[in-house]
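For this chain, numbers begin at 1 and follow the sequence in order. Values below: all heavy atoms of this structure, side chains included; hydrogens, waters and symmetry mates excluded.
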Amino acid sequence: MNLSAKIEAILFWKAEPVSVKKLASLLNVKVEEVKAGLVELEKTLTGRGVTLVQTDEDVMLGTAKELSPLIEQLTKEELTRDLGKAGLETLSIVLYQGPISRADIDYIRGVNSQFILRALLIRGLVERIDNPADARSYLYKTTLDLLSHLGISKVSELPEYEQVRKDIEVFKMETNEVSGEVVTS
């Protein structure tokens, strides 16, 4: 695999801005080599659905500007749909347990929550923050906009906040006991 393909794979996998220095470190090459690989990748992506979005220090994959109307239409459709039961369930978990990892959300719900979280992120209801315990993952927490929309100033003002938190902890402990797992948190 050539360097530009490796850079493309990393940027696709990360799905967020990555510094040129970080790319050099990940690929064990010099910054100048990464910059040359980015030039090659940019040429490769010409006329495609994605493009490189760059600042002086960071780079990421983004949609090609020619496809902006299509992406705008899809985003509007996404934002006008109801959240549905799964969305409300996931939002409630983030509200009452956040900041919380996607793995923990999936565990509580019993299903993969990736697409639900994406929809909540797009709508600005939750935000993703770095996980101080694991640099490879993120935590999800509610946004100030959501709290404002709900008419509260902090999550502890949610109805039955303490009781719901306790109920979720009991659920997690009971589930761990049934599966034979050892609870570490």
Side-chain angles (χ1 to χ4, degrees), residues 1-91 93-95 98-103 105-106 109 111-131 134-149:
M1 272 289 152
N2 66 28
L3 185 60
S4 68
K6 291 176 182 178
I7 292 170
E8 181 181 9
I10 291 170
L11 295 176
F12 178 78
W13 177 73
K14 282 288 213 177
E16 64 183 10
V18 179
S19 74
V20 174
K21 288 179 183 178
K22 180 70 173 177
L23 285 170
S25 171
L26 291 170
L27 295 166
N28 200 26
V29 298
K30 295 179 181 176
V31 169
E32 293 75 25
E33 293 176 78
V34 170
K35 288 181 178 179
L38 288 169
V39 169
E40 183 181 332
L41 178 58
E42 189 170 31
K43 288 177 187 173
T44 304
L45 295 175
T46 302
R48 308 281 310 241
V50 294
T51 188
L52 278 181
V53 179
Q54 301 179 64
T55 65
D56 290 339
E57 298 174 11
D58 296 325
V59 63
M60 67 180 278
L61 290 176
T63 54
K65 65 181 177 183
E66 300 82 17
L67 296 173
S68 291
L70 172 63
I71 300 305
E72 185 176 329
Q73 174 190 351
L74 294 171
T75 301
K76 284 180 183 176
E77 289 174 12
E78 180 91 16
L79 293 174
T80 57
R81 285 198 329 241
D82 284 342
L83 281 178
K85 182 181 176 192
L88 292 173
E89 183 178 84
T90 304
L91 188 56
I93 292 168
V94 174
L95 273 165
I100 185 170
S101 70
R102 192 185 108 203
I105 295 168
D106 292 350
R109 292 189 64 232
V111 295
N112 186 321
S113 302
Q114 179 178 356
F115 295 109
I116 299 297
L117 283 167
R118 180 182 166 277
L120 296 173
L121 283 163
I122 289 172
R123 290 171 185 240
L125 300 174
V126 300
E127 62 183 316
R128 192 170 69 171
I129 59 172
D130 290 331
N131 184 347
D134 183 359
R136 299 169 298 166
S137 68
Y138 297 98
L139 299 176
Y140 294 88
K141 69 176 197 165
T142 58
T143 62
L144 293 175
D145 287 343
L146 175 60
L147 296 179
S148 176
H149 180 73

*Arg102 side chain reached by Gln114 side chain, heavy atoms, under 4.5 Å*: yes
*Side chain proximity check, Asp130 to Tyr138, heavy atoms < 4.5 angstrom*: yes
*Does the side-chain contact (heavy atoms from CB on, under 4.5 Å) test come out yes or no for Arg128 and Leu121, once each step is laid out?*
CA-CA 8 Å; Arg128 192 170 69 171; Leu121 283 163; 4.2 Å; yes
*Ignoring hydrogens and geometry, is there a side-chain-to-backbone donor-acceptor pair from Asp58 to Pro17 under 3.5 Å?*
no
*Considering all heavy atoms of both residues, which atom of Glu8 and which atom of Leu45 are nearest to each other, and what is their separation?*
OE2-CD2, 4.0 Å
*asked:* With a 6.0 Å cut-off (strictly less than), is the heavy-atom count around CD of Glu16, excluding the residue itself, greater than 12?
replied: yes
_Closest non-hydrogen atom pair, Ser113 against Ile105_ = OG-CG2, 3.5 Å
*What residues form a salt bridge (charged side-chain N to carboxylate O under 4.0 Å, His left out) with Lys141, not counting sequence neighbours?*
Glu127
*Going by an N to O cut-off under 4.0 Å, is there a salt bridge joining Arg109 and Glu89?*
yes
*How far does CG of Leu146 sit from CG of Leu91, to the nearest 0.5 angstrom?*
5.5 Å
*Start with the C-alpha distance between Leu139 and Ile100, add both sets of side-chain angles, then the distance that settles side-chain contact (heavy atoms from CB on, under 4.5 Å), and finish with yes or no.*
CA-CA 5 Å; Leu139 299 176; Ile100 185 170; 5.7 Å; no
*Work out which heavy atom in Ala64 is nearest to a heavy atom in Thr51; give both atom names and the distance.*
CA-CG2, 4.1 Å
*Yes or no on side-chain contact (heavy atoms from CB on, under 4.5 Å) for Tyr140 and Leu117, after CA distance, side-chain angles and deciding distance?*
CA-CA 9 Å; Tyr140 294 88; Leu117 283 167; 3.9 Å; yes
*Examine distances only and state if a side-chain atom of Thr90 and a backbone atom of Gly87 form a donor-acceptor pair shorter than 3.5 Å.*
no
For residues 28-42, run the donor-acceptor check on the side chains, cut-off 3.5 Å, and write out each pair with its distance to 0.1 Å, sequence neighbours left out.
from  : atom 1 : to    : atom 2 : distance (Å)
Glu33 : OE2    : Lys30 : N      : 3.1
Glu40 : OE2    : Asn2  : ND2    : 3.4
Glu40 : OE2    : Ser4  : OG     : 3.2

*For the pair Leu52 and Leu61, evaluate side-chain contact (heavy atoms from CB on, under 4.5 Å) and give the outcome as yes or no after the intermediate values.*
CA-CA 5 Å; Leu52 278 181; Leu61 290 176; 4.0 Å; yes
*Mind listing the closest non-hydrogen atom pair of Leu27 and Leu3 along with its distance?*
CD1-CD1, 3.6 Å
_Donor-acceptor contact below 3.5 Å, side chain Ser19 vs main chain Lys22_ = yes
*Side chains of Thr142 and Leu125: closer than 4.5 Å at any heavy-atom pair?*
no
